[in-house]
There are 2 protein chains.
Amino acid sequence: MEKKLAQLKEKMRVVEDLELINELLNWDQSTYMPPGGAPARGRQSALIAEIRQEKIIDPEIGRLLDHLEPWAETLSYDSDDASFVRATRRVYDVAVKIPTALIGELYGHFAESYQKWTVARPNNDFKTMQPYLEKTLDLSRKLADCFPGYEHIADPLIDFQDYGMKASDIKAIFAQLRAELVPLVEAIMDKEPVDNSVLFQEFPVDKQAALGVEIIKDFGYDFERGRQDTTHHPFMTKFSLGDVRITSRFNPNDLGDGLFSTLHESGHAMYELGIDPKFEASPLGVGVSAGVHESQSRLWENIVGRSKPFWSHYLPLAKKYFPDQLGSISVDEIYKAVNKVSRSLIRTDADEVTYNLHVMLRFDLELALLEGSLEIRDLPEAWHERYQQDLGIRAPDDKDGVLQDVHWYADVIGGVFQGYTLGNIMGGLFYKHALQAHPEIPDEVGMGQFDTLHNWMKQNIYQHGYKFTASELIERVSGGPLTIDPYMEYLRTKYSEIYGL
Amino acid sequence: MEKKLAQLKEKMRVVEDLELINELLNWDQSTYMPPGGAPARGRQSALIAEIRQEKIIDPEIGRLLDHLEPWAETLSYDSDDASFVRATRRVYDVAVKIPTALIGELYGHFAESYQKWTVARPNNDFKTMQPYLEKTLDLSRKLADCFPGYEHIADPLIDFQDYGMKASDIKAIFAQLRAELVPLVEAIMDKEPVDNSVLFQEFPVDKQAALGVEIIKDFGYDFERGRQDTTHHPFMTKFSLGDVRITSRFNPNDLGDGLFSTLHESGHAMYELGIDPKFEASPLGVGVSAGVHESQSRLWENIVGRSKPFWSHYLPLAKKYFPDQLGSISVDEIYKAVNKVSRSLIRTDADEVTYNLHVMLRFDLELALLEGSLEIRDLPEAWHERYQQDLGIRAPDDKDGVLQDVHWYADVIGGVFQGYTLGNIMGGLFYKHALQAHPEIPDEVGMGQFDTLHNWMKQNIYQHGYKFTASELIERVSGGPLTIDPYMEYLRTKYSEIYGL
């Protein structure tokens with residue numbers, strides 16, 4: 001059995017390494033590749049993807065799994081070996097159930113659709129995108145149908161991103177969240193607006209970058225095992241558990257844009273860097289779900305990076321970098337500025353409170369499209385109606401409406417949005433339990449010390465990688481299922497103080 | 001036949017693309033990879049090399065070659081298709097003789113050894129590197145032994161780099177060269193030394209880099225299809241015929257170091273970028289040998305970059321970047337300074353005349369190690385002794401002794417040095433013939449115009465890629481075999497004038 005296990009591990013090592021190699025091709029394309037490299041890069045990236053596909057659908061993997069599973073059943077559920085067999089089964093089953101031709105069709109269609117979207121969005125041209133979205137919806141359904149027996153057609157697509165979750169679970173928890181958020185937003189809107197103009201001055205980008213690096217080093221992001229580069233869209237990428245990099249985008253007229261995206265990506269990176277090194281190049285060596293990943297990026301960006309203790313420590317440092325721009329501002333003023341709540345049109349610019357309303361309406365629209373209760377041609381108006389209903393505003397056009405997010409134009413419809421809000425909810429829950437174990441955390445944050453918080457996350461979340469589902473992690477931490485209460489309590493306490501509710 | 005040819009081309013496309021992908025893994029390791037990425041990078045690089053090996057030893061390639069060769073024989077020798085079949089046969093025959101496991105072991109070992117060397121060299125720590133070198137020597141011998149029937153154990157390793165050459169050929173031409181160089185060096189040493197102190201002032205590295213970029217853009221190095229980064233050891237690398245990058249190393253107290261390494265690497269890059277694009281991702285789409293490659297890097301660095309017309313044009317530009325450091329210097333003075341001949345310790349810093357002595361002693365040490373007449377543990381002292389003997393000096397430590405070159409720490413021992421001196425000899429020969437065709441070249445260089453020279457090289461050398469061997473290129477250009485005469489004539493004329501011999 002040991003020998004079969006070793007064989008399977010080696011086969012999966014190859015599969016994982018091929019994925020990690022392709023990440024390097026993508027990273028280089030986004031960071032340093034000269035324009036002349038583009039045609040070959042597309043060809044080479046497709047080659048690695050094809051070889052990875054050949055390797056994962058190897059029937060020998062199926063045979064090894066069949067042999068190993070009865071033995072793995074005799075082991076404790078959370079043993080490394082049982083977890084490895086379980087994770088490999090999942091990766092293998094997903095791979096063999098999707099016809100290679102469908103994968104090709106999906107990627108070909110996404111590439112074309114994305115290209116059209118880059119032109120259609122600035123032109124406010126939904127009509128051009130409508131047939132592409134119709135095909136995307138059709139392909140998304142076909143993809144879901146590779147996994148028959150679902151309760152809701154979105155379930156397989158959600159499962160790709162948020163392993164173990166179903167549309168019905170998410171609908172239930174989102175309904176609770178909406179019921180609490182809408183009155184909170186209304187209460188805040190009745191109050192005097194916060195002035196955040198201090199953030200919108202000239203901030204030289206090299207200094208912005210240096211400030212961000214100082215802070216994420218304090219967080220514990222290890223530059224011996226990572227680095228930061230500049231790209232148009234910020235992202236985190238991993239080449240191994242010893243090399244997890246982030247990219248940031250800096251706006252010379254907006255301090256928050258670059259700083260908070262840096263903190264955000266550092267959260268993603270610390271999660272991957274915190275996975276137990278014994279899971280290197282195994283299906284266990286990755287963050288478990290979009291939701292848990294976002295719990296970390298959003299926690300370090302918001303719960304930490306937009307907290308008062310954080311700014312009481314880092315405002316003096318920020319003033320060293322930007323004496324003219326920030327010289328006269330107080331901790332209280334900057335704390336309020338970085339937490340200004342407003343009803344806005346663009347998800348990625350939204351504050352912590354309204355952000356989830358943007359996400360939840362997209363999730364509902366995805367479900368309606370997949371169910372067939374909403375047609376693509378009616379989507380722009382459905383979008384406007386939901387913004388009116390949930391946020392009290394209506395975009396003047398589709399450019400800042402249904403065309404704003406890249407996701408549906410370069411990925412499937414279904415499963416691509418819920419992770420953002422699940423992450424906020426989970427982040428609130430994890431933080432509450434870290435705080436119960438270590439009430440000194442906010443004081444430490446106020447001294448620029450993050451070890452206690454970082455170590456709690458490593459111990460309870462990061463180290464496990466893909467071993468436990470999000471629900472299992474939550475159960476282990478809290479003794480129960482996912483609940484919105486800690487997150488809502490966090491929001492209510494914080495914003496009541498800021499807005500004097 | 002067309003169908004079989006297309007099949008073979010597609011198979012070789014995959015092989016070539018896998019090599020190019022591995023180049024990206026190596027480039028990233030040298031430029032931006034954080035230290036924590038090293039173990040995985042070695043493993044991933046080995047994986048790509050193994051898959052490349054699997055693909056190239058595919059017996060179907062052998063069968064396709066067997067089918068195509070009789071047909072290719074009916075074509076003209078220099079037709080693209082005949083050349084493709086010929087080149088593929090060579091690559092295939094080399095590959096089938098090397099066990100896949102050995103390839104994997106080599107790549108994995110080199111990645112680890114290189115990483116250790118980057119730390120050991122600054123620490124003057126040969127002891128750490130000794131076991132790595134011992135393993136390298138062992139693996140190098142194993143690799144050579146995959147090609148039994150050699151005259152000298154170094155021959156197969158030399159053949160990888162300089163196709164068609166043997167240790168005995170090289171020993172013969174090096175003996176001629178040494179016989180002419182040693183008296184030339186002695187004659188120069190009897191003269192008043194040149195003062196090159198102007199080069200050793202403070203030169204901010206960002207300005208050095210900017211100056212170098214201006215010049216290589218004038219040469220014709222295309223930054224839409226390339227870029228420059230900073231590394232310990234400068235190199236050129238290619239990811240496709242549309243993406244050929246260089247790296248440089250700058251020393252804030254030495255203008256020549258960074259500038260000439262930049263010109264050097266641009267010569268390598270222009271060669272690859274000048275290959276006919278129809279050879280993209282084919283065995284024909286690469287420079288043909290180390291010697292021909294060095295003929296280009298050394299030509300652009302030395303024959304062009306250390307010529308008087310070059311400095312008559314670029315001294316004013318260099319003065320714009322460095323008015324305080326270069327303000328009072330004349331063209332004659334800088335021309336002499338960049339051509340100062342001295343007995344020095346570091347190969348890459350050596351002048352044109354002594355440079356070959358550095359190379360030839362390394363070549364001899366490689367042969368001695370492979371023959372077993374020298375042990376790795378005795379290598380540092382053997383190094384010192386040969387420097388004493390050939391150059392009359394001794395390094396104070398191993399950092400500037402046996403640890404100075406990356407080659408043995410990231411590649412096989414054997415075949416990796418002779419190309420530099422072969423390149424000098426070939427560069428002299430090519431330049432002589434370019435000049436015969438276009439006597440106006442030096443005047444154009446004096447105006448910062450390089451198109452005539454660059455186009456002659458494209459036409460006669462670059463475009464052909466791997467189509468002709470070095471000897472065939474030399475034959476086509478000169479009507480005869482490789483001779484040291486044009487190179488020695490170039491050196492004698494130039495240095496007689498500088499030193500008044």
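Per chain, numbering begins at 1; letters A, B, ... match sequence-line order.
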Legend entry - Residue part contacting chain A, namely of B/Y32, when any heavy atom lies under 4.5 Å: both
Inset, instruction - Examine the side chains of A/Q7 and A/E60 and answer whether a donor and an acceptor come within less than 3.5 Å of each other. - result: no
Legend entry - Ion pair check, B/R41 and A/D17, cut-off under 4.0 Å: no
Inset, instruction - Taking only Lys NZ, Arg NE, NH1 and NH2, and the carboxylate oxygens of Asp or Glu, determine whether A/K238 and A/D243 approach each other closer than 4.0 Å. - result: no
Inset, instruction - Below 4.5 Å from any heavy atom of chain B, which atoms of A/I51 appear? Answer side chain, backbone, both or neither. - result: side chain
Inset, instruction - Let me know which of A/H264, A/H464, A/H293 forms a ring-ring contact (aromatic ring centres under 6.0 Å, His included) with A/Y271. - result: A/H293
Inset, instruction - May I ask you to name which of B/T31, B/I21, B/L25 has the most heavy-atom pairs under 4.5 Å with chain A? - result: B/I21
Inset, instruction - With a 4.5 Å cut-off on heavy-atom pairs, point out which of B/R245, B/E280, B/R13 contacts chain A the most. - result: B/R245
Legend entry - Salt-bridge criterion met for B/K467 and B/D276 (N-O under 4.0 Å): no
Legend entry - Best-contacting candidate, A/M33, A/E50, A/R225, A/R43, against chain B by heavy atom pairs under 4.5 angstrom: A/R43
Legend entry - Side-chain H-bond candidate by donor/acceptor type, B/N22 with B/S45, under 3.5 Å: yes
Inset, instruction - Sort B/E16 into side chain, backbone, both or neither according to what part of it lies under 4.5 angstrom from a heavy atom of chain A. - result: neither
Legend entry - Heavy-atom contact with chain A under 4.5 Å, split by part of B/L241: neither
